[in-house]
Q: 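Before I ask anything, let me first share the structure, which is written out below as C-alpha cells.
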Amino acid sequence: MPRKMIDPEFRNSQESELWAEHVAPLNSLVQDLRAEAPGNPASVPFFAPLHGGTDATILCLMPAPDAANRAEDGEDILSTEDDDAAAEALATLLAEAGIDAKEVVLWHAYPWYRAEGAAGRLTGAETNAGLDPMGRLLRLVPNLRAVILMGKGPEEFWAKLTKKYPQAITRITAIPSFSPAPLSLSGTTAQREQRIARRSEAMREARTIVKVPRGPAGPRRESMVRAADLGPEHLKRVIEVSDGNQTLHGPLLKAFQPSPEWRVTLTVEVAGQRRALGVTADTWVRVYRGSGLR
C-alpha cells in the first residue's frame with residue numbers, strides 16, 4: 001500500500017537509515033545545499049533509503065518540492081511513500097511498469113523549497129540555480145541510464161543541463177512525461193486521458209531502456225556493519241572487509257572476538273579457501289545481499 005510514511009514505525013525506519021551506504025553521499029549533498037540556504041536549514045528534503053540512492057538506474061525528475069507536503073515532525077524525506085496524492089500516483093506508475101523502488105532516485109530541478117507565494121512553472125533563475133546541484137548529483141549516481149522528465153519545467157531544465165554538462169548526460173536517455181500531481185490532469189477529458197497515457201508510456205519506456213537484471217550480476221550492496229556487531233545472522237552472507245593492507249571478499253564463515261578489547265578475527269571463504277583477517281572492533285564491514293541484483 002502507498003503512503004507508508006504515515007506509519008510511525010516505517011517513518012522511523014527511514015529516518016534511522018538516512019546515512020546507510022547507498023544514500024549517505026546523496027544526503028551529504030543535501031546537507032551542503034541546506035548550508036547554502038542558511039536561513040532555511042531544512043530547505044531540501046533528504047533522499048529516502050527505500051530508493052536506490054547511488055545504485056539507482058532511473059531518475060524521476062520533478063520541478064520543486066511542495067512545501068505543503070513537509071513533515072510536521074521528523075525529517076523531510078523525498079519518497080514515493082509520502083502522504084500525498086502525487087507520491088501515491090508515482091508509486092502506482094512505477095509498480096504498473098514493473099519498476100522496483102530500489103531502481104529509482106527522486107530529485108527536483110529546483111531542489112530547495114520555493115519562496116513563499118511562488119507558484120506555477122519554475123522561473124529562469126530557479127532553473128539556473130538547480131543546474132549545479134544536478135551536476136553534483138550525477139557524479140554520485142554513475143549507473144543512471146534514464147531520466148523521466150515529469151513536466152514542462154523539468155524538460156526545460158534538462159535542455160539547459162544538456163548544454164552545460166554534455167558529457168555528464170551522454171549515457172542517460174531523457175523521457176518526457178507529465179507530473180504525477182493531480183493538477184497535471186486538469187483540462188478537457190481528452191487532455192487528461194492523453195496525459196495519463198503519456199505518464200504510463202514514459203514509465204514503460206524507462207523499463208525498456210533499463211533492463212531488469214537477470215542471473216548472477218554481482219552482489220548488491222546492502223549495509224555497513226561494525227566488525228564487533230557481526231552475528232549469526234551474517235554467517236554465509238557475502239562480506240567485504242579490509243585491515244588497510246589486504247581485503248577479503250566472500251561468504252563469512254566465522255566472526256570471533258575473545259573479549260571487547262581484542263581484535264575481531266573474521267574467517268571468509270575466498271576462491272574456495274578459508275582466509276582469516278584480524279581487524280579492530282570498530283572496523284566497518286560491507287555486507288551484501290545474495291548474489292544477484294534485484
Q: Report all side-chain donor-acceptor pairs from residues 154-168 shorter than 3.5 Å, counting only partners two or more places apart or in another chain.
A:
{"residue": "Glu156", "atom": "OE2", "partner": "Arg121", "partner atom": "NH1", "Å": "2.8"}
{"residue": "Lys160", "atom": "NZ", "partner": "Asn128", "partner atom": "OD1", "Å": "3.1"}
{"residue": "Thr162", "atom": "OG1", "partner": "Trp158", "partner atom": "O", "Å": "2.8"}

Q: Do Leu94 and Met203 come close enough that some side-chain heavy atom pair is under 4.5 Å?
A: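 Yes. Closest side-chain heavy atoms under 4.5 Å.
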Q: May I ask you to establish whether Arg34 and Phe46 are in a cation-pi arrangement, using a distance under 6.0 Å from NZ or CZ to the six-membered ring centre and at most 45° from the ring axis?
A: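 Pair Arg34/Phe46 counts as cation-pi.
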Q: Just jot down the salt bridge (Lys or Arg N to Asp or Glu O under 4.0 Å) partners of Asp132, sequence neighbours excluded, or say none.
A: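 Asp132: salt bridge (Lys or Arg N to Asp or Glu O under 4.0 Å) contacts with Arg136.
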Q: Can you check whether Asp84's main-chain N or O pairs, donor with acceptor, with Asp82's side chain at less than 3.5 Å?
A: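 It does not hold such a pair.
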Q: Rounded to the nearest 0.5 Å, how far does CD of Glu75 lie from CD of Glu15?
A: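 That separation rounds to 5.5 Å.
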Q: Would you kindly confirm whether Val104 and Trp107 end up in one hydrophobic cluster when ILVMFWY residues are joined by side chain heavy atoms under 4.5 Å apart?
A: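 Shared cluster, no.
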Q: Which heavy atom of Ala276 sits nearest a heavy atom of Leu248, and at what distance?
A: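 Shortest heavy-atom separation between Ala276 and Leu248 comes out as C-CD1, 4.1 Å.
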Q: Do Val30 and Tyr110 belong together in a cluster built from hydrophobic side chains that touch within less than 4.5 Å?
A: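 Linked, Val30 and Tyr110 end up in one cluster.
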Q: Would you indicate whether the side-chain heavy atoms of Leu29 and Pro133 approach each other to under 4.5 Å?
A: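 No, every pair of side-chain atoms sits at 4.5 Å or beyond.
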Q: Looking at every non-hydrogen atom in both residues, tell me the closest pair between Leu33 and Pro111 and how far apart they are.
A: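 Nearest heavy atoms, Leu33 then Pro111: CD1-CG, 4.2 Å.
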Q: Between Met150 and Leu137, is there shared hydrophobic-cluster membership here, with clusters defined by ILVMFWY side-chain heavy atoms closer than 4.5 Å?
A: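 Cluster IDs for Met150 and Leu137 differ.
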Q: Go through it in stages, so that I can follow the logic: the residues are Ile196 and Glu193, the test is side chain to side chain contact (heavy atoms under 4.5 Å, CB included), and I'd like the CA-CA distance, side-chain angles, deciding distance and then a yes or no.
A: CA-CA 5 Å; Ile196 290 172; Glu193 290 178 349; 5.6 Å; no
Q: With distance as the sole test, does Ser16 use its side chain to make a donor-acceptor pair with the main-chain N or O of Ser13 at under 3.5 Å?
A: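 Checked: pair present.
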Q: Counting distance only, does the side-chain N/O of Arg192 pair as donor-acceptor with the main-chain N or O of Arg195 below 3.5 Å?
A: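 Checked: no pair found.
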Q: When you check the side-chain N and O atoms of Thr280 and Thr283, is any donor under 3.5 Å from an acceptor?
A: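 Yes, a side-chain donor-acceptor pair sits under 3.5 Å.
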Q: Going by heavy atoms in the side chains, are Val105 and Leu144 under 4.5 Å from each other?
A: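 Sidechains of Leu144 and Val105: in contact.
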Q: When hydrophobic residues are tied together by side-chain contacts of less than 4.5 Å, even through go-betweens, does Val141 share a cluster with Val210?
A: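 They do not share one cluster, since no chain of ILVMFWY contacts under 4.5 Å joins Val141 to Val210.
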Q: Quick one: closest heavy-atom pair of Ala89 and Pro180, and the distance?
A: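 In this case the closest contact between Ala89 and Pro180 is CB-O, 3.5 Å.
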Q: Nearest heavy-atom pair of Ile209 and Ala146: which atoms, and what distance?
A: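 Smallest interatomic distance, heavy atoms only, reads CG2-CB, 4.4 Å.
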Q: Side-chain contact, heavy-atom cut-off 4.5 Å: Leu90 with Cys60?
A: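 Side chain of Leu90 against side chain of Cys60, heavy atoms only: contact under 4.5 Å found.
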Q: Got a second to check how far Asp83's CG is from Lys4's NZ, nearest 0.5 Å?
A: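 These two atoms lie 14.0 Å from each other.
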Q: Any side-chain hydrogen bond (donor to acceptor under 3.5 Å, both in side chains) pairs touching residues 268-277, not counting sequence neighbours?
A: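 Every pair satisfying side-chain hydrogen bond (donor to acceptor under 3.5 Å, both in side chains) with a residue in residues 268-277: Gln246-Arg275.
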Q: Ignoring hydrogens and angles, tell me if any N or O in the side chain of His51 forms a donor-acceptor pair with the backbone of Ala48 under 3.5 Å.
A: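 Here the side-chain-to-backbone pair does not exist.
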Q: So, does His108 use its side chain to make a donor-acceptor pair with the main chain of Gly130 at under 3.5 Å?
A: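 Flag not set: sc His108 to bb Gly130 has no pair under 3.5 Å.
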Q: Would you find a donor on one side and an acceptor on the other, under 3.5 Å apart, between the side chain of Arg263 and the backbone of Ala281?
A: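 No, Arg263 side chain to Ala281 backbone: no donor-acceptor pair under 3.5 Å.
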Q: Could you name each residue pair satisfying side-chain hydrogen bond (donor to acceptor under 3.5 Å, both in side chains) that touches residues 87-98, not counting sequence neighbours?
A: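 Checked against side-chain hydrogen bond (donor to acceptor under 3.5 Å, both in side chains) - neighbours excluded - the pairs reaching residues 87-98 are Arg3-Glu88.
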Q: Hey, what do you get for CG (Leu252) to CG (Leu266), rounding to the nearest 0.5 Å?
A: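 One finds 6.0 Å between CG of Leu252 and CG of Leu266.
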Q: Might you work through the side chain to side chain contact (heavy atoms under 4.5 Å, CB included) test for Ile239 and His234, ending with a clear yes or no?
A: CA-CA 9 Å; Ile239 70 165; His234 299 108; 5.6 Å; no
Q: So, the side chain of Arg237 versus the backbone of Pro251: is there a donor-acceptor pair under 3.5 Å, distance only?
A: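 Absent.
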Q: Would Ile6 and Glu81 count as a side chain to side chain contact (heavy atoms under 4.5 Å, CB included) if you check the C-alpha gap in whole Å, the side-chain angles of each, and the deciding distance to 0.1 Å?
A: CA-CA 9 Å; Ile6 62 175; Glu81 297 297 339; over 6 Å; no
Q: Run the salt bridge (charged side-chain N to carboxylate O under 4.0 Å, His left out) check on Arg198 and Glu201 step by step: do they pass?
A: CA-CA 5 Å; Arg198 180 56 206 159; Glu201 184 181 359; 3.3 Å; yes
Q: Enumerate the salt bridge (Lys or Arg N to Asp or Glu O under 4.0 Å) contacts for residues 238-259, please, sequence neighbours excluded, ordered by first and then second residue.
A: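 Matches after skipping sequence neighbours: Glu240-Arg286.
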Q: Look up atom CD1 in Ile58 and atom CG in Asn143, then write down how far apart they are to the nearest 0.5 Å.
A: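 Here the interatomic distance stands at 12.0 Å.
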Q: For the atom pair CG (Leu235) and CG (Leu230), what is the distance rounded to the nearest 0.5 Å?
A: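 So the gap between those two atoms works out to 8.5 Å.
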Q: Distance-only, no hydrogens or angles: does the Gln14 side chain make a donor-acceptor pair with backbone N or O of Leu50 under 3.5 Å?
A: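 Yes; at least one donor-acceptor contact below 3.5 Å.
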Q: As a quick check of understanding, evaluate side chain to side chain contact (heavy atoms under 4.5 Å, CB included) for Leu61 and Met134, giving each step before the final call.
A: CA-CA 10 Å; Leu61 184 64; Met134 176 59 78; 3.5 Å; yes
Q: Can you name the closest pair of heavy atoms from Thr54 and Leu140 and give their distance?
A: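 Here Thr54 and Leu140 meet closest at CG2-O, 3.3 Å.
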Q: Using the side-chain hydrogen bond (donor to acceptor under 3.5 Å, both in side chains) criterion, which residues pair with Asp7? Sequence neighbours excluded.
A: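 Asp7: no side-chain hydrogen bond (donor to acceptor under 3.5 Å, both in side chains) contacts found.
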Q: Can you tell me how far the CD1 atom of Ile148 sits from the CG atom of Leu106, to the nearest 0.5 Å?
A: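 Ile148 atom CD1 to Leu106 atom CG measures 10.0 Å (nearest 0.5 Å).
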Q: With distance as the sole criterion, is a donor-acceptor pair present between the side chains of Asp76 and Tyr113 under 3.5 Å?
A: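 Distance-only check passes for Asp76 and Tyr113.
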Q: Do His22 side-chain atoms and Pro49 backbone N/O form a donor-acceptor pair below 3.5 Å?
A: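 Yes, because the side chain of His22 sits within donor-acceptor range (under 3.5 Å) of the backbone of Pro49.
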Q: Using modelled atom types and a 3.5 Å cut-off, is there a donor and acceptor pairing between side-chain atoms of Gln257 and backbone atoms of Val264?
A: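 No; judged by distance alone, with no hydrogens or angles, the pair does not exist.
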Q: Could you see if Leu26 belongs to whatever hydrophobic cluster contains Leu59? Use Ile, Leu, Val, Met, Phe, Trp, Tyr and a side-chain cutoff under 4.5 Å.
A: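 Yes.
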Q: Can you name the closest pair of heavy atoms from Ala174 and Leu149 and give their distance?
A: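 So the two residues come closest at CB-CD1, 3.9 Å.
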